[in-house]
Student: 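This is the structure I have questions about; it appears just below.
Letters A, B, ... mirror the listed sequences (proteins, then strands); counts begin at 1.
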2 protein chains.
Amino acid sequence: MVTKRFRDSPGQADLRRADSLAREIFSDVANKWALLIIEALGAGTLRFSELRDEVEGISHKMLTQNLRMMERNGLVERTVHPTVPPRVEYTLTEPGRALRATVGGMCDWTHRYLGHIEAARRRADV
Amino acid sequence: MVTKRFRDSPGQADLRRADSLAREIFSDVANKWALLIIEALGAGTLRFSELRDEVEGISHKMLTQNLRMMERNGLVERTVHPTVPPRVEYTLTEPGRALRATVGGMCDWTHRYLGHIEAARRRADV
DNA sequence: CGGAATCCAACCCGATACTG
DNA sequence: CAGTATCGGGTTGGATTCCG
């Protein structure tokens, strides 16, 4: 069997294929910092420093890096106010808000199953 | 602007706190390999080698590592058939299936917004 | 204040070899 | 077939510094 060399049609890209665009995007987004940032922005627009306070434990560098990635992928919009001192605000775009809905599901899941998981760990950690 | 704290009921662990159990679990789960494994197991029970084929690009080591983590957290159940050659099967538990529902949402999101994101990238990548 | 760049330690993860 | 252990290069990511 010959591996297809031509592009898939846009709607058919598959997360399972390691080399697909879909997988690349999924990999970008499926990391804890990106998801926590999205969740934090769910409540509304935030400044850089507010975001850093909101997502406890994230470093300046990681926050910048993830915001750049999310901006490039069109998940957040970056607004610079040319004031002194500078003021930069981040907002979820429509795709970002759509993603946020499912991320919220993951957060809820974490809280709901906290007990289950604690118990499972006690069983596993002999 | 007032920071909203309404989501946190007292006594409920908070994802925002870097040192909370909830954050630890979220960080375990919020990585691409774990999520792709969960998605793969959504269709039903799979053997180790089937899982490795299903999640393209994952290494033997990463698969093992993530499965151990997921087993410890009670997301998957591991069944060893004492045959020769050995046969080990993995199945989602109830918490695992619940999580899978939201992961499915993320996968759908990826497909739905693939076009948006591609366009955003073209705009960003000057 | 927000961002970029640098340095460097810590770790991630793939490859490999070996076991039952 | 499934799993463990080890090794080492590559990447990650924190701390720091400087800039507009």
Student: Are A/Val88 and A/His81 side-chain neighbours, meaning at least one heavy-atom pair lies under 4.5 Å?
Tutor: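 No, every pair of side-chain atoms sits at 4.5 Å or beyond.
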Student: Between B/Arg78 and D/dA2, does any side-chain N or O lie under 4.0 Å from OP1 or OP2?
Tutor: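 Looking at the OP1 and OP2 atoms of D/dA2, neither is under 4.0 Å from any side-chain N or O of B/Arg78.
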Student: Using a heavy-atom cut-off of under 4.0 Å over every strand shown, decide if A/Arg87 touches base, sugar-phosphate, or nothing.
Tutor: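 No contact.
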Student: Same cluster or not: are B/Val80 and B/Leu46 linked, directly or through other Ile, Leu, Val, Met, Phe, Trp or Tyr residues, by side-chain heavy atoms under 4.5 angstrom apart?
Tutor: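 Yes; B/Leu46 is reachable from B/Val80 via cluster members.
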Student: So, do A/Trp33 and A/Leu67 sit near enough that their side-chain heavy atoms are less than 4.5 Å apart?
Tutor: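 SC-SC contact between A/Trp33 and A/Leu67 ruled out.
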Student: When you measure from the side chain of B/Pro86, which nucleotide among D/dC1, D/dG3, D/dA15 comes out closest?
Tutor: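 Closest nucleotide among those given: D/dC1.
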Student: How many whole angstroms separate atom NE2 of B/His81 from atom P of D/dC1?
Tutor: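 The distance from NE2 of B/His81 to P of D/dC1 comes to 16 Å, rounded to the nearest Å.
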Student: Taking the side chain as everything from C-beta on, heavy atoms only, tell me whether B/Val55 gets closer than 4.5 Å to A/Arg16.
Tutor: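 B/Val55 does not reach A/Arg16 side chain to side chain.
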Student: Distance from B/Leu36 atom CG to B/Leu41 atom CG, nearest 0.5 Å?
Tutor: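 Atom-to-atom, B/Leu36:CG and B/Leu41:CG are 11.0 Å apart.
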Student: 5' to 3' on DNA chain C, which nucleotides open and close the contacts with chain B (atom under 4.0 Å from a heavy atom)?
Tutor: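 It runs C/dC13 to C/dG20.
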Student: Hey, what bend do you get for the helix from C/dC1-D/dG20 to C/dG20-D/dC1 if you fit axes on five pairs at each end, rounded to 10°?
Tutor: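 The angle, to the nearest 10 degrees, is 40°.
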Student: Report the residue (B/Ser59 or A/His60) whose heavy-atom-nearest nucleotide on DNA chain C is the more 5′ of the two.
Tutor: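 Counting from the 5' end, the first nearest nucleotide belongs to A/His60.
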Student: Can you tell me the distance, in whole Å, between the CG atom of B/Leu63 and the P atom of D/dC1?
Tutor: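 Nearest whole value for this atom pair: 14 Å.
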Student: Going by heavy atoms in the side chains, are B/Glu54 and B/Glu50 under 4.5 Å from each other?
Tutor: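 Result no, sub-4.5 Å side-chain heavy-atom pair not found.
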Student: Pick the closest DNA chain C nucleotide for A/Lys61 and for A/Leu67 by heavy atoms, then say which residue is nearer the 5' end.
Tutor: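 Result: A/Leu67.
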Student: Hey, could you give me the CG/CD distance between A/Leu75 and A/Glu94, rounded to the nearest 0.5 Å?
Tutor: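 One gets 11.0 Å once the value is rounded to the nearest 0.5 Å.
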Student: Distance check needed: D/dT4 P versus B/Asn66 CG, whole Å only.
Tutor: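 Rounded to the whole Å, the gap is 13 Å.
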Student: CD of B/Glu71 versus C1' of D/dG3: gap in Å, rounded?
Tutor: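 Nearest whole value for this atom pair: 12 Å.
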Student: Atom CZ of A/Arg52 and atom P of D/dA15: how far apart are they, to the nearest Å?
Tutor: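 These atoms are roughly 11 Å apart.
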Student: Should B/Ser49 be listed as having a side-chain N or O under 4.0 Å from OP1 or OP2 of D/dA2?
Tutor: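 Yes, because at least one side-chain N or O of B/Ser49 sits under 4.0 Å from OP1 or OP2 of D/dA2.
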Student: To the nearest Å, how far apart are B/Glu50 CD and D/dC1 P?
Tutor: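 Distance, rounded to whole Å: 11 Å.
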Student: Ignoring the backbone of A/Met62, work out which of D/dT4, D/dG13, D/dC7 is nearest its side chain.
Tutor: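 Looking only at heavy atoms from C-beta outward on A/Met62, the closest nucleotide is D/dG13.
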Student: Checking all strands, does B/Arg68 fall into the base, sugar-phosphate, or nothing category for heavy-atom contacts under 4.0 angstrom?
Tutor: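 Answer is sugar-phosphate: B/Arg68 comes under 4.0 Å of backbone atoms only.
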Student: Any non-hydrogen side-chain atom of A/Thr91 less than 4.5 Å from a side-chain atom of A/Val76?
Tutor: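 Contact flag for A/Thr91/A/Val76 side chains = no.
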Student: First locate atom CZ of A/Arg23, then atom CG of A/Asp28, and finally report the distance between them rounded to the nearest 0.5 Å.
Tutor: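 Going from CZ on A/Arg23 over to CG on A/Asp28, the span is 12.5 Å.
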Student: B/Tyr90 has an atom OH; how far is it from atom C1' of D/dA2, in whole Å?
Tutor: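 Distance check: B/Tyr90 OH to D/dA2 C1' gives 7 Å.
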Student: Can you tell me how far C1' of D/dT12 sits from CD of A/Gln65, to the nearest Å?
Tutor: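 Roughly 8 Å, once rounded to whole Å.
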Student: Could you tell me if the side chain of A/Glu89 sits less than 4.5 Å from the side chain of A/Arg78, heavy atoms only?
Tutor: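 Not touching, per the 4.5 Å side-chain cut-off.
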